[in-house]
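Accompanying notes for the structure given below.
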Amino acid sequence: MNLKELYQEIILEHGKNPRNLRKTENFNKDAKGNNPLCGDIVHVYLKLSEQRKVEDISFEGSGCAISMASASIMTDLIKGKSDNETKEIIEDFLGMIKENPELKSNILKEDDKTKLMCLSGVKQYPMRVKCATLSWHTLISAMENDGKEISTES
Amino acid sequence: MNIDTIKKEFPIFDKKIQNNDLVYLDSANSSQKPKVVIDRINEFYSKQFSNVGRSVHYLAVTATNLYENTRSSVQKYINAKDKNEIVFTKGATEALNLVANTLGQKYLEEGDEILLTELEHHSNYVPWHYLRKSKNIKINFAEINEDGDVPIENIEKKITPKTKIIAINHLSNVTGAILPIKEITELAHSKGIIVVVDGCQGGPHLKLDMQELDCDFYAISCHKMYGPTGLGILYGKKKWLEELPPYQGGGGMIKEVKKDRITYGDLPNKYEAGTMATAQVIAFDQSIKFLESIGIENIIKHEKELIEYGQEILRKNNSVKLIGNPKNKGGVLSFIIQGVHPHDIATILDEDGVAIRAGHHCCQILHDKLEIPASARASIGVYNIKSDFDQLNESINKCKKIFDLK
Ligand SMILES: Cc1ncc(COP(=O)(O)O)c(C=O)c1O
C-alpha cells in the first residue's frame, strides 16, 4: 500500500478546493447518493440541453478527500459532453476502478485521463473504492433521472 | 492478573499488521480476544461438542451443563437476582429488538411515548421506531448538553404523563458520557416508567450490578467484553420476562405443541428459540473469568488514566477537536481534525498500524446535532497503554502533514 499514490497532489488539491461545488440554476436532472456506512452524501445536478448535451453539472455534499476530489474531477470532465459521451466516460472510469489498468475511451484528452488516473490509487484500498465511485453512480442515476437515491449499500 | 502486562494474553498483538505493531484503538467496535477465550472455543469443538438441551447422551449433557454454567457466571458477574433473568441472544441488537418488540406487543398502547436520548446507537432507536408505525407510539429525545452529556434534568424535562419507557445508553460510544442509570431509574420508577439500558459500552468498562442499578432491562454485547462474536445477553427482571410474550418461535422454546394450541416453555428457554450460539456461550465463561481475574476496579482505574492521558495529548494538538467533554467519561475519545475528513484520517493512521474507526458510529442523530457528518474515534480496552496514544498523536501529525495543515 502506498499513501502517496492514494493522496496525490491533484486529489488533495481537488479535495480542498472542489470544482463545481454548488447547485446548477434551473437544472433539469438530479440525483442524490449516500454511503450510509460513513455518512458521505452527494447531490448531483445536471442541465441537459435539448441536444442532450451537458450544459452544466454541479454537486453538493460532503465527504472525504477522495470522494470530494472524485466528484470535482468528474464534474470538470463531464461538462460540455453529450449524454452518450458521458455514459462512455462513466463506464470507462468505473471499469478502470474495478479492474482495467488503463482508461480506454478516446473521448477524454490525455491530461484529463491523467487526472482521472490519479484516483486509481483507491484500488489498493477496497474500503475506499466506494468513496471514489459514489458520485459517478449518482451521476448515472441523474442521467436516467429515475429519482432513485443511490446508496453504496444496496 | 497484572493489567500492565495484560497485552501478552492477547495473541493478536504478537502479529505484525502490515509490518507494524498493532495499536488497536477500536475496542468500542469490538474488543480483541484473550487466548483463554480462543482456546476454549477450539477445545469445546475438539473435545466436547454437542448441541445443548435436547439429547440425553453424555456429550449433550456436558455441553448443556457448560452452557448453563456461563449463565450462572453472568448472573454473578452482573449481580442479577435470578439465573433465569439472563437470556442469551445473538447480540445486544437482538436483545434490544426483543425488548422493544415484546413490550410493544403487550405493554404499549396508541399514543404512548418512549423517551430516548440523542446519544443512542441505532440499535437502541430503530427497534423502537418500528413501534411508531405498528403501535402509533411517539418517540422523544432527551437532549445532550454542550459537553456531549445528558444530565438527568434533560431527561426529566422530556418525561410526560404518556411516557411509558425510557431507553438509554449506559456509556456513549461517541462522547464517552456515562449516564447515571441508578438515579434515572429511581426517577423513572417513581413515575411508573420502565427503564431499558443499552449496556454495550457499559459491559466492558463499568461495574455491572443489576440490583443496584435496578433497571428493568439491560442489553450486553459479549464481543465487546473480550468474548466471541454472535453473542449478546439480555438481562430482564423476572417479572417482565415472565409476563411478556415470546419473541421468536421455534424449537426449544415450547412446552407443548398441538395442532390447535401451543404453550411456551419456562424461562429462560422461552426466549432462546432454536440452536443457540453454543460454543460462544461456553467460551464467554472464560471472558467473565478473565475480567474477574483483573478486577473491574482495576480496569476502571487503568482506563481512566488512559483516557485522561489521551485527552491531554490530543488537547495539545492544535488541529484536533475532541468531541464531548462529559463529567464522567469512559472508554472512547472521538475527535475531528479541521480540514481532514475522518475517513482520510483512518486510512492514514492505518498505514502506521493504528486502528481507529471513522464515520457516524451508528449515531446519526448525535452527529446531526453536533453538525458534523462524521468523526474519528479512538476507543480503548484493557490491553491499551499510554504509548498507544503517543503513536496515535504521531500518526495524526502525519495526516496533518499530508494535508498540509499547521
Ligand atoms: C452503544 C451501542 N449499542 C449497541 C451496539 C450494537 O451491538 P451489537 O452489534 O453487538 O449488537 C453497539 C455496538 O456497536 C454500541 O456501541
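The analysis underlying the following values was restricted to heavy atoms, covering all of them including side chains, and did not include hydrogens, waters or symmetry mates. Naming: A, B, ... by sequence-line order, numbering from 1 per chain.
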Side chains of B/Thr347 and A/Met127, heavy atoms from C-beta outward: is any pair under 4.5 Å? no

Under 4.5 Å from a heavy atom of chain B, the part of A/Lys4 involved: neither

B/Asp21 atom CG, neighbour heavy-atom count above 12 within 6.0 Å: no

Verify side-chain contact (heavy atoms from CB on, under 4.5 Å) between A/Leu12 and B/Ile402, making sure each step is shown before the conclusion. CA-CA 9 Å; A/Leu12 291 171; B/Ile402 290 177; 4.1 Å; yes

Using a strict threshold of under 4.0 Å (side-chain N to carboxylate O), is an ion pair present between B/Asp350 and A/Arg128? no

Residues, nucleotides or ligands: over 12 heavy atoms within 6.0 Å of A/Glu91 CD: no

Does B/Lys321, at its NZ atom, have more than 12 non-hydrogen atoms belonging to other residues, nucleotides or ligands within less than 6.0 Å? no

Flag yes if more than 12 heavy atoms outside A/Glu99 fall under 6.0 Å of its CD atom; otherwise flag no. yes

Verify the neighbour count for atom NZ of A/Lys53: are there more than 12 heavy atoms of other residues, nucleotides or ligands below 6.0 Å? no

Indicate yes or no for a side-chain donor-acceptor contact from B/Asp344 to the backbone of A/Ala65 under 3.5 Å, with no hydrogens or angles considered. yes

Do B/His343 and A/Ile66 make a side-chain contact, defined as non-hydrogen atoms from C-beta onward lying under 4.5 Å apart? no

